[in-house]
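Here is the naming used below: chain letters follow the sequence lines, and residue numbers restart at 1 for every chain.
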Amino acid sequence: SSWWSHVEMGPPDPILGVTEAYKRDTNSKKMNLGVGAYRDDNGKPYVLNCVRKAEAMIASKKMDKEYLPIGGLADFTRASAELALGENSEAFKSGRYVTVQGISGTGSLRIGANFLQRFFKASRDVYLPKPSWGNHTPIFRDAGMQLQAYRYYDPKTCSLDFSGAMDDISKIPEKSIILLHACAHNPTGVDPRQEQWKELAALVKKRNLLVYFDMAYQGFASGDINRDAWAVRHFIEQGINIVLSQSFAKNMGLYGERAGAFTVICSDADEAKRVESQLKILIRPMYSNPPVNGARIASLILNTPDLRKEWLTEVKGMADRIISMRTQLVSNLKKEGSSHNWQHITDQIGMFCFTGLKPEQVERLIKEFSVYMTKDGRISVAGVTSGNVGYLAHAIHQVTK
Amino acid sequence: AYRTDEGQPWVLPVVKKVEQMIANDNSLNHEYLPILGLPEFRANASRIALGDDSPAIKDKRVGSVQSLGGTGALRIGAEFLRRWYNGNNNTATPVYVSTPTWENHNSVFMDAGFKDIRTYHYWDAAKRGLDLQGLLNDLEKAPEFSIFILHACAHNPTGTDPTPEQWKQIAAVMKRRNLFPFFDSAYQGFASGSLEKDAWAVRYFVSEGFELFCAQSFSKNFGLYNERVGNLTVVGKDADNVQRVLSQMEKIVRTTWSNPPSQGARIVATTLASPQLFDEWYGNVKTMADRVLLMRSELRSRLEALGTPGTWNHITEQIGMFSFTGLNPKQVEYMVKEKHIYLMASGRINMCGLTTKNLDYVAKSIHEAVTKIQ
């Protein structure tokens with residue numbers, strides 16, 4: 001007999017299931033709108049030019065493969081912090097922060113979750129927006145935290161339930177942890193406006209909550225890295241010492257290279273040093289030290305003026321294509337004769353869009369039109385091209401008219 | 001980390017070649033790998049550990065999880081065991097590590113949630129070798145179902161491995177007492193220069209019908225330290241069990257790093273899958289192993305020629321990167337302060353630090369330390 005007879009089969013990943021079914025489909029018009037990675041207007045993966053250039057530079061330097069420090073590549077972590085906080089940030093200039101390299105967004109979130117579990121004794125409760133990225137819950141749970149929720153998305157309007165959010169947040173016990181998506185909320189695409197962010201900041205400050213920002217789409221949301229980091233920077237300016245996880249998977253297309261960072265804003269540089277030492281103690285028994293390739297590429301791009309400029313143009317290009325697909329989808333739906341209000345498609349931002357479609361409608365889209373998305377009606381706008389946006393509009397109109 | 005005879009890091013020639021191939025391949029991109037890793041990497045990595053003709057592979061009862069180095073493989077395995085081994089979420093299952101062991105072993109299993117980490121006898125300082133009897137006694141006394149972390153070869157930090165006969169004895173007790181073998185294999189090929197020899201213990205346990213885990217690192221044998229290339233090999237009773245185990249490991253991976261880094265895995269997969277590149281790699285591995293073996297024999301012969309008090313055969317009997325010289329803390333202090341030779345207080349030296357240029361100086365220094373200081 002086996003040690004593992006009682007081990008249950010893990011539930012199939014819902015998003016993977018979408019891609020599996022898509023692959024099996026023989027319909028030439030099929031569309032995969034579950035994909036969480038950017039695609040160009042031909043539906044192909046896009047390797048950024050600045051990434052290719054950085055890779056060529058790295059290859060020519062003939063560097064060795066010695067272990068990185070536990071906290072990662074210093075040029076990368078410093079540049080990541082500066083990108084998020086802004087070069088003029090007082091917190092950045094004073095050095096009252098620590099940034100460690102993490103395994104993309106997930107790894108950075110997990111380091112943070114483990115750190116809070118060990119050192120934030122005031123509370124075990126992490127408040128997530130409703131809904132949030134599916135992996136947030138198991139990450140915090142596996143780290144030993146408990147999950148709570150605050151209202152966020154209003155399915156009636158397909159936009160932000162701001163009064164609901166403010167109401168729920170005002171009731172969160174002091175010193176709880178609240179997680180906020182910095183921009184391009186996943187899965188809804190619904191972000192607060194700057195005025196609303198100001199109110200949220202004032203409220204969490206009043207409630208004395210620990211703020212955990214997840215920023216996976218800086219630059220990728222609006223096309224402007226400063227605009228997308230506005231909320232993060234505003235909170236810090238208001239004296240809120242946040243913790244932050246960053247991902248370079250989408251905005252640099254470095255998905256499989258796992259480039260990310262976790263930052264703690266501290267009272268002073270001395271506190272930052274002590275926090276850093278504890279983060280290293282957490283990281284070492286997880287994977288010893290992080291992978292170099294993605295961090296080296298990102299570091300070179302951020303720290304080389306020409307490459308950085310090129311990157312900003314390319315990331316704007318990706319964001320603009322997404323925005324243009326949103327616009328075209330709405331105009332095509334109008335052309336189809338749809339009488340519904342599809343404004344939320346262009347109001348929402350980032351890779352994902354909560355269409356408002358119901359499960360039965362989603363099922364019809366899959367079965368009758370080979371248009372694949374998750375049951376909650378979420379589509380990845382990255383999977384839409386000028387070549388298939390008309391078909392998509394047609395299909396959506398058929399199941400909603 | 002390995003050093004050349006010039007004292008420099010060494011990027012394996014085959015790695016440089018394969019990296020260039022990857023750079024020139026415009027069909028490649030940076031898309032996410034599957035959660036469990038690059039399929040070609042996983043299969044080849046486990047094949048390296050278990051052997052081309054492994055009956056377990058033939059029976060399809062081997063699973064693999066690409067991990068962030070050997071450490072990452074250990075951590076995924078530990079997290080899985082804590083959740084699913086010996087009951088559900090049984091944090092009380094004793095975990096045994098050798099005395100001494102790589103210090104991170106303790107932390108990996110503690111952070112995975114195990115509450116009872118114990119030691120088993122291993123290094124006999126008096127005879128400068130394996131304390132086999134002590135080890136076997138600990139196996140006999142360990143509670144049933146305890147987990148034992150075994151170094152597959154080139155024990156870190158002592159460099160002292162059980163012989164095949166001794167492994168057989170260890171396996172017999174472990175089988176009788178229902179103890180779980182978790183191998184840490186960080187030096188396959190790097191230790192003796194032979195992949196088969198360095199995997200003998202793991203393969204023997206498999207042939208004896210054990211279900212086991214083997215955490216593999218490709219940091220040293222591929223020199224890919226900072227790319228974090230590792231693999232957790234899972235050997236189970238049958239395909240169905242292994243499938244369910246992997247499905248649960250996938251969930252653990254998803255909340256730890258989502259999916260592993262692609263660059264290093266691609267280099268290893270490309271190399272192992274091509275007969276020609278595989279041979280080149282094997283040659284590179286042998287180059288490293290042979291240099292270390294040479295330094296060992298040269299150091300020993302110098303000490304014996306100098307008439308340094310004590311016996312020095314352990315220098316060549318030990319294997320891998322590290323050697324427990326037998327120097328005591330005071331002698332070590334002398335080495336560091338007076339001779340500027342840096343070694344651990346335990347007397348552990350990194351053989352990779354020896355070169356043809358410094359052998360004489362090191363040997364003379366050890367001679368001085370041993371004769372001047374008791």
Side-chain angles (χ1 to χ4, degrees), chain A residues 1-13 16 36-37 44-47 51 55-56 59 62-68 102-107 109-110 113-114 135 138-143 249 252-258 281-282 284-294 297, chain B residues 1 8-11 15-16 19-20 23 29-33 35 67-72 75 79 84-86 88 104 106-112 180 211 219 223-228 230 236-238 241-245 247-248 250-252 254-264:
Chain A
S1 71
S2 168
W3 289 121
W4 318 125
S5 314
H6 67 297
V7 175
E8 299 146 19
M9 193 68 182
D13 188 293
L16 241 81
K44 295 276 181 288
Y46 172 58
V47 178
V51 168
E55 287 179 301
K62 300 195 183 313
M63 289 180 268
D64 63 41
K65 298 207 170 285
E66 297 297 284
Y67 288 123
L68 284 181
I103 313 299
S104 205
T106 300
L109 279 162
R110 182 58 182 271
N114 282 0
N135 207 18
I139 287 172
F140 283 100
R141 191 168 285 148
D142 279 5
M252 286 195 181
L254 290 174
Y255 306 92
E257 304 296 339
R258 321 311 291 128
I281 290 172
L282 269 168
R284 174 98 165 120
M286 260 198 273
Y287 50 82
S288 278
N289 42 75
V292 71
N293 200 41
I297 294 169
Chain B
Q8 294 303 310
W10 192 50
V11 178
V15 167
K16 284 189 191 164
E19 279 187 314
Q20 196 56 56
N29 52 44
H30 293 289
E31 292 296 292
Y32 288 126
L33 287 182
I35 297 173
S67 309
L68 283 263
T71 306
R75 182 60 178 265
E79 292 277 354
W84 295 101
Y85 176 71
N86 195 24
N88 280 335
N104 208 16
N106 274 279
S107 314
V108 169
F109 282 83
M110 266 204 307
D111 280 13
F180 187 86
E211 292 188 298
S219 291
L224 287 173
Y225 307 93
N226 64 14
E227 304 282 1
R228 315 312 293 126
K237 272 275 152 28
D238 56 50
N241 273 294
V242 169
Q243 213 191 354
R244 281 179 282 107
V245 167
S247 76
Q248 293 297 346
E250 207 175 82
K251 290 178 63 186
I252 295 169
R254 183 69 168 132
T255 62
T256 313
W257 56 63
S258 265
N259 43 78
S262 67
Q263 179 73 355

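Considering only residues two or more places apart in sequence or on other chains, B/Pro260 meets the side chain to side chain contact (heavy atoms under 4.5 Å, CB included) condition with B/Leu33, B/Gln66, B/Leu68, B/Trp257. Not counting sequence neighbours, the partners of A/Arg284 by the side-chain hydrogen bond (donor to acceptor under 3.5 Å, both in side chains) test are A/Ser288, B/Glu103.
Interface check for chain A: of the options B/Gly264, B/Gly70, B/Ser219, B/Gly236, the most heavy-atom pairs under 4.5 Å are formed by B/Ser219. Among B/Gly69, B/Ala23, B/Gly230, B/Gly72, the residue with the largest count of heavy-atom pairs under 4.5 Å with chain A is B/Gly72. Interface summary for chain A: among B/Thr255, B/Val245, B/Val11, B/Asn226, the most heavy-atom pairs under 4.5 angstrom belong to B/Asn226. Each of A/Gly294, A/Gly102, A/Pro290 has some count of heavy-atom pairs under 4.5 Å with chain B, and the biggest count is that of A/Pro290. When B/Leu224, B/Val242, B/Val108 are compared by the number of non-hydrogen pairs under 4.5 Å with chain A, B/Val108 comes out ahead.
A distance of 12.0 Å separates NE2 of B/His30 from CE of A/Met252, quoted to the nearest 0.5 Å. Taken from CE in A/Met9 to CD in B/Gln243, the straight-line distance is 4.0 Å, to the nearest 0.5 Å. Taking CG of B/Asn29 as the reference point, atom OH of A/Tyr255 lies at 10.0 Å (rounded to 0.5 Å). Note that the OG1 atom of B/Thr256 and the CD1 atom of A/Ile103 stand 10.5 Å from one another [nearest 0.5 Å]. One distance of note links OG of B/Ser258 with CD1 of A/Ile139; it measures 6.0 Å at 0.5 Å rounding.
Across all their heavy atoms, B/Ala1 and A/Glu66 have their closest contact at CB-OE1, 3.6 Å. In plain terms, the two heavy atoms of B/Arg228 and A/Asn289 that are nearest each other are NE-O, 2.7 Å. For the residue pair A/Pro45 and B/Glu31, the shortest heavy atom distance occurs at CB-OE2, 3.5 Å.
Within the 3.5 Å criterion, the main-chain N or O of B/Pro261 finds no donor-acceptor partner in the side chain of A/Arg258. For B/Arg75 (side chain) and A/Tyr287 (main-chain N/O), no donor-acceptor pair under 3.5 Å exists by modelled atom type. Remark: the backbone N or O of A/Trp3 is paired with a side-chain donor or acceptor of B/Glu211 at under 3.5 angstrom. B/Gln263 places no side-chain N or O within donor-acceptor distance of the main-chain N or O of A/Glu257, the cut-off being under 3.5 Å. A donor-acceptor contact shorter than 3.5 Å links the side chain of B/Arg244 to the backbone of A/Trp4. Using a distance-only test at 3.5 Å, with no hydrogens or angles considered, no donor-acceptor pair links the side chain of B/Asp111 to the main chain of A/Met286.
Using bins of under 30°, 30° to 60° and over 60° for the plane-to-plane angle, the ring pair A/His6/B/Trp84 lands in the tilted bin.
Of the atoms belonging to A/Val47, it is side-chain heavy atoms, and not backbone ones, that fall under 4.5 Å from chain B. Looking at A/Ser104, there are no atoms closer than 4.5 Å to chain B (heavy atoms on both sides), in backbone or side chain. Interface remark: A/Ile281 contributes backbone atoms only to the contact with chain B (heavy atom separation under 4.5 Å). At a 4.5 Å heavy-atom cutoff, the contact between B/Glu19 and chain A is made by side-chain atoms alone. Only the side chain of B/Val15 comes within contact range of chain A, with at least one heavy atom under 4.5 Å from a heavy atom of that chain.
Taking a 6.0 Å sphere around NZ of B/Lys237, one finds it holds more than 12 heavy atoms contributed by other residues, nucleotides or ligands.
At least one side-chain heavy atom of B/Asn104 sits less than 4.5 Å from a side-chain heavy atom of A/Pro285.
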